[in-house]
Amino acid sequence: MTEDATGERLRRWRLVLGGDTADGTGHTLSGQDAAIDGALTALYGRDDNPTAGRERAGGLGASAPSVARWLGDIRTYFPTSVVQVMQRDAIDRLGLGTLLLEPEMLEAVEADVHLVGTLLSLTKAMPETTRETAREVVRKVVEDLEKRLATRTRATLTGALDRGARVRRPRHGDIDWNRTVAANLRHYLPEHGTVVPERLVGYGRASRAVKKEVVLCVDQSGSMASSVVYASVFGAVLASMRAVATRLVVFDTEVVDLTERLDDPVDVLFATRLGGGTDINRALAYCQSRITRPADTVVVLISDLYEGGIRDEMLKRVAAIKASGAQFVSLLALSDEGAPAYDREHAAALAALGAPAFACTPDLFPEVMAAAIEKRPLPIPDAGAAGPDSPR
């Protein structure tokens, strides 16, 4: 290994190990490397075990100016994805959440879904001077999400809605040939090796009438923060489609119908109150009472299934909704955060009712909704749905 390669390797190990007396690198940092190390030390330098002999001392103190400088430093030295992770860690480790109540702090941070969740959890304590800045931060994140998700969601669901509206005398360009062949297999002529279609099945043309009703029932307990953000965005997108009547219900131990606010997902988010208990049964009872056309309704429960209400009643409620003819979808999370923590016993019980629960990414959600609208099997991710045979 060349001297330059050895030096680079030692430099990297020095940044990783943090410069403790026993790190073994013997490498001294200078210039920008020293500044990067200082930013990392401020966040990760503290040790929970004071007897471990570490010399590093982390922390940003309670000074807003020092935190603002640190936020500026990490944006200088690290890519956005890393900055967002470090901000999240600072909120957890250093109490940065409290300082986010100051407008200058909000202007310095890199906004993302996780930051929005933190801000929503602080709304009760947020002074009026900070509230408008917080709304602008949230609006920026929401608008970015809408740009990313809206076009594909509308296209996917519009196709599903149109395929669901079959007509008996379609124009040539509107014929659904796969379904037409399937419907006329008994008219197969072996001598000619072809099917003679006596009945054509076509795609229905888009109409202004409401074709489907979607009820989004979203758990707003603290662990579901990212799911609440994404659900509000998707709720607004669905509400913008004339063929879909959309209802958004959020719940903890209380149930709040936010349907009237769906024209502005930022208003929806600031009307939520992250934290508190969970009463899924009560929320589903409310949603069930609002179903008027079961055969044309999709109910989407987004929850980690930690039920604080009456478990057996919750399961009976799900069974009744399905028995009425409505489609029922259970999502353990609607986010990009990977496998969530969830109540496995309740998930297994739902699976036994024919309603497997699974985590869903925002990119997969349009496909899940399209499948539910067309009443075909849901595109459950490779990890599989939570159920009796799920890994413990």
Side-chain angles (χ1 to χ4, degrees), residues 149 153-154 156-157 160-161 164 210-221 224 226-241 243-251 255-259 262 265 268 272 278 280-305 307 314-315 317-322 324-335 340 342 346-347 350-351 353-381 385-386:
L149 301 171
T153 298
R154 291 193 186 99
T156 301
L157 268 63
L161 291 164
V210 172
K211 298 177 182 177
K212 293 289 180 179
E213 297 183 6
V214 174
V215 181
L216 299 177
C217 185
V218 187
D219 184 343
Q220 61 175 350
S221 58
M224 301 296 294
S226 294
S227 296
V228 172
V229 175
Y230 282 113
S232 71
V233 172
F234 278 117
V237 173
L238 293 174
S240 71
M241 300 177 64
V244 180
T246 306
R247 183 177 295 275
L248 176 64
V249 175
V250 298
F251 67 94
V255 180
V256 181
D257 193 327
L258 297 177
T259 303
L262 277 176
V268 168
T272 62
T278 309
I280 302 173
N281 177 56
R282 186 173 186 177
L284 289 179
Y286 176 84
C287 294
Q288 185 180 26
S289 71
R290 296 301 186 271
I291 297 175
T292 58
R293 300 190 302 157
D296 295 318
T297 298
V298 179
V299 177
V300 183
L301 172 65
I302 304 175
S303 173
D304 55 17
L305 302 180
E307 171 67 313
M314 182 265 284
L315 296 175
R317 193 81 58 187
V318 173
I321 291 172
K322 288 178 59 63
S324 71
Q327 298 294 105
F328 188 89
V329 178
S330 180
L331 303 180
L332 299 169
L334 178 56
S335 73
Y342 62 93
H346 289 163
L350 286 177
L353 293 174
F358 57 97
C360 179
T361 64
D363 288 333
L364 180 63
F365 185 72
E367 299 296 336
V368 170
M369 291 303 301
I373 286 171
E374 294 185 71
K375 299 183 179 181
R376 53 183 171 82
L378 301 180
I380 297 174

Output a table of donor-acceptor pairs, distance under 3.5 Å, between side-chain atoms of residues 354-370 and any protein atom two or more places apart or on a different chain; print 'none' if there are none.
from: T361; atom 1: OG1; to: L364; atom 2: N; distance (Å): 3.2
from: D363; atom 1: OD1; to: R148; atom 2: NH2; distance (Å): 3.3
from: E367; atom 1: OE2; to: R152; atom 2: NH2; distance (Å): 3.4

How would you list, by chain and number, every residue that makes a side chain to side chain contact (heavy atoms under 4.5 Å, CB included) with [X], sequence neighbours excluded?
X    : answer
C217 : F251, A283, L284, C287, L301
R154 : A150, V237, S240, M241
D296 : K212, R293

Would you check if the side chain of T259 reaches a backbone N or O of R247 as a donor-acceptor pair within less than 3.5 Å?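 No, the answer is negative, given that no donor and acceptor are paired below the 3.5 Å cut-off.
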Distance-only, no hydrogens or angles: does the Q327 side chain make a donor-acceptor pair with backbone N or O of T297 under 3.5 Å?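 Such a contact is absent between Q327 side chain and T297 backbone.
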[X] side, atom [atom1]; [Y] side, atom [atom2] - distance, nearest 0.5 Å:
X    : Y    : atom1 : atom2 : result
L350 : S330 : CG    : OG    : 5.0 Å
L262 : D257 : CG    : CG    : 8.5 Å
L353 : I321 : CG    : CD1   : 11.0 Å

To check you understand the geometry: which heavy-atom pair defines the closest contact between [X] and [Y], and what is its length?
X    : Y    : result
T246 : A239 : OG1-N, 3.5 Å
R317 : A285 : CZ-CB, 3.5 Å
A295 : K375 : O-NZ, 2.9 Å

Under the rule for side-chain hydrogen bond (donor to acceptor under 3.5 Å, both in side chains), what residues qualify as partners of D219, not counting sequence neighbours?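 Once residues adjacent in sequence are excluded, the partners of D219 under the side-chain hydrogen bond (donor to acceptor under 3.5 Å, both in side chains) criterion are S221, S303.
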For Q220, check side-chain hydrogen bond (donor to acceptor under 3.5 Å, both in side chains) against everything at least two apart and list the hits. D252
Under the side-chain contact (heavy atoms from CB on, under 4.5 Å) rule, what do L334 and I302 come out as? Steps first, then yes or no, please. CA-CA 7 Å; L334 178 56; I302 304 175; 4.0 Å; yes
Go through it in stages, so that I can follow the logic: the residues are L258 and V249, the test is side-chain contact (heavy atoms from CB on, under 4.5 Å), and I'd like the CA-CA distance, side-chain angles, deciding distance and then a yes or no. CA-CA 6 Å; L258 297 177; V249 175; over 6 Å; no
Sub-4.5 Å side-chain heavy-atom contact between V298 and V215: no
Sub-4.5 Å side-chain heavy-atom contact between V244 and V214: yes
